[in-house]
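Below is one structure, written out as structure tokens; comments come after it.
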Amino acid sequence: MQTDVLIVGAGPIGLTLALDLGRRGVKCLLIEQKPAPEFLPKMERCNARTMELFRRLGVADRIRQAGLASSVPMDVFIVLAMNEPPLLRLPYPSVDEARAQIAARNDGTMAREPYQLISQYTLEPLLKAEVERRPSVAVRYGCRFESLSQRPDGVSVVARTDEGNVVPIDAAYVVGCDGGGSTVRKQLGVKLRGEGDLLRLYQALYFCPQLYDRIPIGPGPGHGRHYHVADAQSTFLIMQDSTKHWTLHATVQNAADMSVQFERTIGVPIPYEMLYAGEWKQNLLLADRYRRGRVFLAGDSAHLVIPTGGLGMNTGIGDAVDLSWKLAAVLEGWGGPALLDSYEVERRQVGDRNVGASRYASLGRRKWRAQYRPEIRQMTREGQAAREALARVADVEQRKTNEMIGAELGYRYVGSPVIVDEPGGPEHLFREYVPTTWPGARLPHVWLSDGVSIHDRIGDGYTLLQLAARDGADSLPHAFGELGVPCTTLNLSSDAARQVYGYDLLLVRPDLHVVWRGNRPPDDPGEVARLVTGHVNPA
Ligand SMILES: Cc1cc2nc3c(=O)[nH]c(=O)nc-3n(C[C@H](O)[C@H](O)[C@H](O)COP(=O)(O)OP(=O)(O)OC[C@H]3O[C@@H](n4cnc5c(N)ncnc54)[C@H](O)[C@@H]3O)c2cc1C
């Protein structure tokens, strides 16, 4: 088989990469070792930035239709059991409420899209169906990647079908989206560094259709998504997208204990079925390299985080989108070599920061859990004191997991060979998002007077945003034209945008990151166009 891009692994990252490459008409082959998507719980929250990216891929609405209803709040509770008054409630808006907040503000602080809760086992088949509609993408389940060897002009891959048949594949580029145990990464000899096997937990999935309507705590039925139990087993109950399925995590001895743990957590007898129970381990690991030659790593094959903060899949979606347009540009012939070099520079620093953010959030969770005392359930003065102490610490520390807007929206690519860097730059904050157009940052979302977001006006090539008339501004798109690179000028008269963006001219690339800004055209527009399209060797 011959293809331009071979994607190994149809988890959310491989599927997203295939979707975006397919949208751009790139010929690619996606292989997956499993015979079909599995009904196994993992992630359940697409963060706001992921939903912005899914919007650009044209699938945000479908994801919302398949996911949790938009009216359900996302409150987080610390409880002794679900039939007792909570020790702490941290309120978080439903998608409807978040949407109203986004509509009401125009200061660049908001994402274009709210988050969406959707279980990984719902998301994967949805993305698979979308990918299969793209004519340039071939999808083969039941096909395992085994080995690769690189040549100057391509990569020779050996894969094997479930029936044991060898499938030789010849690809111009290979992307390993094959998860934490990545065979592609091992074939490249790339090591993961950091802290591995930090904690082993059991996770179980339950079908319990009555629970949602019978939770007695909270402002109304179906009022929260996460219930952390103040116990010695780090028990943690998560509502899945249907509201009929629930997952529980706990440090118990074996899978059978997960029934007892579920019954203890829900507190009242409700019929349920345990569909799955298995062990998983927490890691904080980052790959040394994201690329060797024509082979790239994306998603969990390159970074493994503790899901506190929801920076696992969400970080990987950022990898997929960063890589897809660059591969397309090189295959279309207009992208220079530094464009592919920039993938590792840009995304490995985000992986590194997000491993740190996840560590910070999980240490917070450990801090409040360390407040657990065996007497916490007793109706005594000591019991009351233990409950109050735990709630007080959790009120500070649990928020670190649930309030990560800076890590979600505020990442900025520093030192990229395809961004016209300005020295300095704002600090990276995990918990706070401060809108900026510093080169390398995501362009803040701003509403225009017609109620359309600037994000929605930006197409798939480069865009010069012109917020005030500037002589000679067309020299920049002209320079792109000479290189055969798509670049559109968007003339906007928007005080709000000018105020948030701080400059009259901004050059934005297909993934909505700012690559250059100024109040007059650059002295050498050709140099800027060559640099941002990867034709300037940083050496
Ligand atoms: C309990 C739990 C909760 C989580 N919650 C969140 C959350 O709320 N938010 C979040 O962002 N992240 C969360 N995560 C992390 C998230 O699930 C992962 O980051 C995400 O699945 C990574 O996607 P991926 O596509 O990179 O890898 P994977 O999902 O691991 O997919 C890799 C795919 O590659 C296939 N594969 C492997 N080897 C081969 C081979 N040799 N040949 C062919 N195919 C192969 C596998 O079968 C698999 O389908 C959670 C994880 C866990 C365990």
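Both ligands and their constituent atoms are indexed starting at 1 by order of listing. Along the sequence shown, residues are numbered consecutively beginning with 1.
The single protein non-hydrogen atom nearest to atom 13 (C) of ligand 1 is Met43 CB, 3.1 Å, given as residue, atom name and distance. The single protein non-hydrogen atom nearest to atom 47 (O) of ligand 1 is Glu32 OE2, 2.6 Å, given as residue, atom name and distance. Scanning all protein heavy atoms for the shortest distance to atom 10 (C) of ligand 1 gives Met313 N, 3.3 Å. Nearest protein neighbour of atom 26 (O) of ligand 1, counting heavy atoms only, is Asp300 N, 2.9 Å. Protein heavy atom in closest approach to atom 32 (C) of ligand 1: Cys177 O, 3.4 Å. Nearest protein heavy-atom neighbour of atom 30 (O) of ligand 1: Lys42 NZ, 3.4 Å. Closest to atom 34 (O) of ligand 1 among all protein heavy atoms lies Gly9 CA, 3.2 Å. The nearest heavy-atom contact from the protein to atom 43 (C) of ligand 1 is Gln33 N, 3.3 Å.
Close N/O approach between Val8 and ligand 1 is not found [any backbone or side-chain N/O within under 3.5 Å]. For Asn314, a nitrogen or oxygen atom sits less than 3.5 Å from a nitrogen or oxygen atom of ligand 1, counting backbone and side chain alike. At a 3.5 angstrom cut-off on N or O pairs, Trp280 does not count as close to ligand 1. Residue-to-ligand polar distances keep Ala298 apart from ligand 1: every N/O pair is separated by 3.5 Å or more. Checked by distance only, ligand 1 and Arg144 stay at 3.5 Å or farther apart across all their nitrogen or oxygen atoms. Remark: ligand 1 and Ile13 share an N or O pair separated by less than 3.5 Å (distance only, no angle test). Distances between N or O atoms of Gln120 and those of ligand 1 include at least one value under 3.5 Å.
Sparse packing is recorded around CZ of Arg144, with 12 or fewer heavy atoms of other residues, nucleotides or ligands lying under 6.0 Å away.
A salt bridge is absent between Asp178 and Lys186: the closest approach of a Lys/Arg side-chain nitrogen to an acidic carboxylate oxygen does not fall below 4.0 angstrom. The pair Asp288-Arg185 fails the salt-bridge criterion, with no side-chain N (NZ, NE, NH1 or NH2) lying under 4.0 Å from an Asp/Glu carboxylate O. Using a 4.0 Å cut-off between charged side-chain N and carboxylate O, Arg64 and Glu113 make a salt bridge. At a threshold of 4.0 Å, the pair Arg160-Glu146 counts as salt-bridged, since one of the basic side-chain nitrogens sits closer than that to a carboxylate oxygen. Residues Asp20 and Arg24 are paired through a salt bridge, judged by an N-O separation under 4.0 Å between the basic side chain and the carboxylate. The pair Arg56-Asp511 fails the salt-bridge criterion, with no side-chain N (NZ, NE, NH1 or NH2) lying under 4.0 Å from an Asp/Glu carboxylate O. The pair Arg264-Asp231 does not count as a salt bridge, with every side-chain nitrogen at least 4.0 angstrom from each carboxylate oxygen. For Lys128 and Glu132, the salt-bridge test passes: some basic side-chain N is under 4.0 Å from an acidic carboxylate O. Looking at Arg49 and Glu52, a side-chain N of the basic residue comes within less than 4.0 Å of a carboxylate O on the acidic one, giving a salt bridge. With salt bridges taken as basic N to acidic carboxylate O contacts below 4.0 Å, one links Arg431 and Glu403.
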| task | Start with the C-alpha distance between Asp153 and Arg294, add both sets of side-chain angles, then the distance that settles salt bridge (Lys or Arg N to Asp or Glu O under 4.0 Å), and finish with yes or no. | result | CA-CA 9 Å; Asp153 62 341; Arg294 292 176 165 269; over 6 Å; no

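Taking every non-hydrogen atom of Gly299 and a distance limit under 4.0 Å, the qualifying atoms of ligand 1 come out as 26 (O). Residue Thr183 has at least one heavy-atom neighbour below 4.0 Å for each of these atoms of ligand 1: 41 (N). Ligand 1 places these atoms under 4.0 Å from at least one heavy atom of Cys143: 43 (C). Heavy-atom proximity to Gly312, at under 4.0 Å, picks out these atoms of ligand 1: 10 (C), 11 (O), 12 (N), 19 (O).
At a heavy-atom cutoff of 4.0 Å, ligand 1 is contacted by no atom of Ser301, backbone or side chain. Heavy atoms of Ser182 found under 4.0 angstrom from ligand 1: none, in either backbone or side chain. With a 4.0 Å cut-off on non-hydrogen atoms, Pro307 touches ligand 1 through its side chain and not its backbone. Residue Lys34 touches ligand 1 through its side chain alone, judged by heavy-atom distances below 4.0 Å.
Residue Gly181 places every heavy atom at 4.0 Å or more from ligand 1. In this structure, His249 is part of the shell of residues with a heavy atom less than 4.0 angstrom from ligand 1. Ligand 1 is never approached by Gly316 to a heavy-atom distance shorter than 4.0 Å.
Annotation: His226 is not in aromatic contact with Tyr92 [ring centroid separation under 6.0 Å not met].
In this structure, Phe236 and His228 have parallel ring planes: the angle between them is below the 30° cut-off, well short of the 60° mark.
Of the residues Leu29, Leu30, Ile169, the one that meets the side-chain contact (heavy atoms from CB on, under 4.5 Å) test with Arg140 is Leu29.
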